[in-house]
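Working notes for the structure below.
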Amino acid sequence: MPDPLQMNPQDLYKQWRSGDPAAGQAMAQRFSDWYYSLISVRLGDIKGRQPLQRACLRFQQGISTVASPSELVDWSHQIILEEMKGAGERIDGGDFPNQLTGGRSPGELLRQVARTLPPEDMSLLAHTFDSRYPLEALTEEARARGGMPLAILRARYALKHALREHAGIPFQEVPAEPNLDYVPLPLYESGRMAGTREEAGFEKWVLSNMTICRDVAEFGVFALALRTGALRQGLSPRPAESRTGELRPEPPLPRPEPAIAPPRHTPSPVRSDAPVLKSSPGTSAVPIALIAGGIGGVVVLIILAYLLYSMMG
């Protein structure tokens, strides 16, 4: 089988349906990692724990009912949308220490490393993640730093570099130069995308790109801290911040309509004696949820055991 990291989800699905358990294992890890990345930036580890577990179990129970590879992404995204909707869709932010931060406050770490970076970049990030700050003023500020939204992405990666170098955060995705394809990333993390359709399109694209999937997951705890104003508290007031405007409510995601077909048969239960699974060659040995000190590791194994069991039939 080709490198699973280079295969799209539809091809992994087709390989699994043709009888390849390694493809099933790679597909299960891909989807659980994707679910975790979206949960981490939308809800955080604490509030997202149960929605993630329910989403993974629904994936486990329903994957055999997906009739065509072309339906896979929309079907699986519908699951996570429904689970996040039930949990409030997106929290305002929070300061949640985890394994990645070594138990330290993400907000304190942000304020600590902000002093090592240009204040203009930190002001740009502070305003990006401040829902009260007008988009027009943000666009003008970003234009002065190299363009909107590229300047924001560059500032975000500069912050990740500083967190890795000065605070010891073991990020995996810290490129020297940002990929131009990723410019929507900080707009997604800050809740500033144009609407729910654009946001949904970006989330589906994340599934096809494991580099950006890891990036979203490992930065999620800091995105939440930024949304609480961690950088605003650590920087001197700047003239542009006087243009606060009115509070812009987060546009609600539409309530997804059920899109999961009734099971054609009762899914086989997960066997308690399922063999221990090992990563296939070319796959990451550690799921994203575990790298981030997260909440999905056990559920990942449940899904993997189910998929392998289904193929062993």
Side-chain angles (χ1 to χ4, degrees), residues 38 40-44 84-85 88-96 106-111 113-160 162-163 178-203 205-206 212 215-216 219-254:
L38 303 186
S40 67
V41 74
R42 291 277 209 107
L43 298 172
M84 291 191 297
K85 173 74 173 182
E89 297 178 355
R90 184 189 293 269
I91 62 175
D92 293 335
D95 196 69
F96 306 124
E108 288 298 326
L109 292 172
L110 288 171
R111 288 186 284 275
V113 304
R115 294 190 291 267
T116 69
L117 294 166
E120 293 82 5
D121 283 349
M122 295 305 95
S123 175
L124 182 60
L125 285 175
H127 292 154
T128 298
F129 284 83
D130 181 359
S131 62
R132 300 167 299 178
Y133 196 76
L135 180 60
E136 295 79 7
L138 176 63
T139 301
E140 181 180 334
E141 186 175 354
R143 187 177 296 118
R145 298 294 294 166
M148 173 76 172
L150 179 57
I152 301 173
L153 183 64
R154 283 176 172 156
R156 178 190 181 276
Y157 279 124
L159 181 58
K160 287 193 76 174
L163 285 165
N179 188 324
L180 294 180
D181 291 338
Y182 299 172
V183 290
L185 177 53
L187 301 182
Y188 172 72
E189 293 172 323
S190 61
R192 283 191 179 268
M193 282 195 153
T196 55
R197 180 175 297 181
E198 181 180 347
E199 192 167 60
F202 179 81
E203 289 180 340
W205 178 65
V206 168
I212 200 166
D215 198 345
V216 171
F219 194 68
V221 68
F222 294 102
L224 293 174
L226 285 167
R227 294 211 298 265
T228 65
L231 288 183
R232 293 198 307 273
Q233 298 168 20
L235 295 174
S236 301
R238 305 190 67 78
E241 288 195 284
S242 63
R243 292 185 277 184
T244 54
E246 296 295 325
L247 177 64
R248 296 186 306 105
E250 187 72 27
L253 291 175

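Counting from 1, the numbers follow the sequence of the chain as shown. For clarity, every value in this text was computed on a predicted model and none was experimentally measured. Heavy atoms only: backbone and side chains are in, while hydrogens, waters and symmetry mates are out.
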Would you say the side chain of Y133 lies within less than 4.5 Å of the side chain of E141, judging by non-hydrogen atoms?
yes

Of the non-hydrogen atoms in G44 and L224, which two are nearest, and what is the gap between them?
CA-CD1, 3.6 Å

Kindly give the heavy-atom pair with the smallest separation between T228 and G93, and that separation in Å.
CG2-C, 3.4 Å

So how far is it from L153 CG to L125 CG, rounded to the nearest 0.5 Å?
10.0 Å

Taking the side chain as every heavy atom from C-beta outward, state whether L185 and F202 have any pair of such atoms under 4.5 Å apart.
yes

Does the side chain of S190 come within less than 4.5 Å of L226's, by heavy atoms?
no

Does R154 reach the side chain of R145, with side-chain heavy atoms less than 4.5 Å apart?
no

Close side-chain approach of R192 and P149, heavy atoms under 4.5 Å:
no

Nearest heavy-atom pair of A151 and A142: which atoms, and what distance?
CB-O, 3.5 Å

Quick one, L138 and I152 - any side-chain contact, counting heavy atoms below 4.5 Å?
yes

What is the distance from atom NE2 of H127 to atom CD of E140, rounded to the nearest 0.5 Å?
12.0 Å

Evaluate the criterion side chain to side chain contact (heavy atoms under 4.5 Å, CB included) for residue pair M122 and L110; output intermediate values, then yes/no.
CA-CA 10 Å; M122 295 305 95; L110 288 171; over 6 Å; no

Considering non-hydrogen atoms only, spot the tightest contact between L231 and A114 and give its length.
CD2-CB, 3.8 Å

Can you see which heavy atom on P186 is nearest to which on T128, and at what distance?
O-CG2, 4.3 Å

Is the count of non-hydrogen atoms from other residues, nucleotides or ligands lying under 6.0 Å from N179 atom CG greater than 12?
yes

Does the side chain to side chain contact (heavy atoms under 4.5 Å, CB included) test come out yes or no for L109 and L163, once each step is laid out?
CA-CA 7 Å; L109 292 172; L163 285 165; 4.1 Å; yes

In this structure, OH of Y182 is separated from CG of D215 (nearest 0.5 Å) by 8.0 Å

Approximate separation, where rounding is to 0.5 Å, of F222 CZ and L159 CG
8.0 Å

Locate the shortest heavy-atom distance separating S40 from V216; write the atom from each residue and the value.
OG-O, 3.8 Å

With the side chain counted from C-beta on, respond yes when L187 and M148 share a heavy-atom pair under 4.5 Å apart, and no when they do not.
yes

What I'd like to find out is whether the side chain of E199 reaches to under 4.5 Å of the side chain of R42, using heavy atoms alone.
yes

If we ignore hydrogens and angles and just use 3.5 Å, is the side chain of R227 paired with the main-chain N or O of I91 as donor and acceptor?
yes

From CA spacing to verdict: side chain to side chain contact (heavy atoms under 4.5 Å, CB included), Y188, L38:
CA-CA 10 Å; Y188 172 72; L38 303 186; 3.6 Å; yes

Distance in Å, F129 CZ paired with E189 CD, rounded so as to fall on 0.5 Å steps:
5.0 Å

